[in-house]
Amino acid sequence: EVKRRAKPTEPIIIPLPRMLDYYWPESSNPRIKPKRVIADPMAYLKQWQSQSTDAWFVLDAPTIRTIDPSHRFRDWFYEHSHLVKRYAVHARAMDRSVSVYRLSLDHMGKCQD
């Protein structure tokens with residue numbers, strides 16, 4: 001879904017950038033690890049607004065639970081983005097499903113501090 005819809009300038013937030021390299025090696029999209037966005041989500045939001053660019057999040061549930069135990073980032077994230085596609089993946093008894101979200105500036109007003 002990201003491969004088909006993302007513009008080359010739109011950043012992709014993904015915990016394992018090598019996954020993107022494997023599935024979409026020709027992509028030149030900026031790659032950002034979620035921990036960087038978690039540290040200051042409003043700064044990234046303002047940057048994306050100033051550049052008039054959307055952002056894509058490719059996240060699996062176990063990773064996001066690990067890097068965001070307080071739910072603070074998820075609360076912000078769910079408020080500012082929408083689910084585009086979910087890929088069900090189960091390894092042994094663990095849910096490793098991957099969800100693709102788009103933070104679309106067309107669907108938001110100016111960010112508030």
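Any value given below was found using the heavy atoms of this structure, including those in side chains, with hydrogens, waters and symmetry copies removed.
Going from atom OG of Ser50 over to atom CG of Leu45 covers 10.0 Å, rounded to the nearest 0.5 Å. Expressed to the nearest 0.5 Å, how far CD1 of Ile67 lies from CD1 of Ile38 amounts to 4.0 Å.
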Q.
I'd like to know whether Met42 forms a side chain to side chain contact (heavy atoms under 4.5 Å, CB included) with Gln47, so could you lay out the CA-CA distance, the side-chain angles of the two residues, the decisive distance to 0.1 Å, and finally the verdict.
A. CA-CA 8 Å; Met42 291 308 291; Gln47 175 186 341; over 6 Å; no

Q: Determine, stepwise, if the pair Ser104 / His82 fulfils side chain to side chain contact (heavy atoms under 4.5 Å, CB included).
A: CA-CA 8 Å; Ser104 176; His82 65 276; 4.1 Å; yes

Q) So Arg31 and Asp21, side chain to side chain contact (heavy atoms under 4.5 Å, CB included) or not? Walk me through it. A) CA-CA 10 Å; Arg31 292 152 168 80; Asp21 294 338; 3.0 Å; yes

Q: Please report the C-alpha distance between Asp60 and Ser97 in whole Å, then the side-chain angles of each, then the deciding distance to 0.1 Å, and finally whether the side chain to side chain contact (heavy atoms under 4.5 Å, CB included) criterion is met.
A: CA-CA 6 Å; Asp60 65 282; Ser97 297; over 6 Å; no

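Residues in residues 12-54 take part in these ring-ring contact (aromatic ring centres under 6.0 Å, His included) pairs, two or more places apart or across chains: Tyr44-Trp48. The salt bridge (Lys or Arg N to Asp or Glu O under 4.0 Å) contacts involving residues 62-74 comprise Asp68-Arg74, where partners must be two or more places apart or lie in separate chains.
Looking at heavy atoms from C-beta onward, Val98 lies out of side-chain contact with Lys85 at the 4.5 angstrom threshold. Counting heavy atoms from C-beta on, the side chains of Arg96 and His90 never come closer than 4.5 Å. Side-chain contact check for Leu59 versus Pro34: some heavy-atom pair is nearer than 4.5 Å.
Under the 4.0 Å criterion applied to side-chain N and carboxylate O atoms, Asp40 and Lys35 are not assigned as salt-bridge partners.
Hydrophobic cluster membership is shared by Leu83 and Val37, with clusters built from Ile, Leu, Val, Met, Phe, Trp and Tyr side chains linked at under 4.5 angstrom.
Considering all non-hydrogen atoms of both residues, Asn29 and Ala6 come closest at ND2-CB, 4.0 Å. Counting all heavy atoms, side chain and backbone alike, Val58 lies closest to Val100 at CG2-CG2, 4.4 Å.
Classification of the Phe57-Trp76 ring pair by plane angle, with boundaries at 30° and 60°, yields perpendicular.
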What pairs of donor and acceptor atoms, side-chain ones from residues 8-19 against any protein atom, are under 3.5 angstrom apart with sequence neighbours left out?
unit_1: Glu10; atom_1: OE1; unit_2: Lys7; atom_2: N; d: 3.0
unit_1: Glu10; atom_1: OE1; unit_2: Trp56; atom_2: NE1; d: 2.7

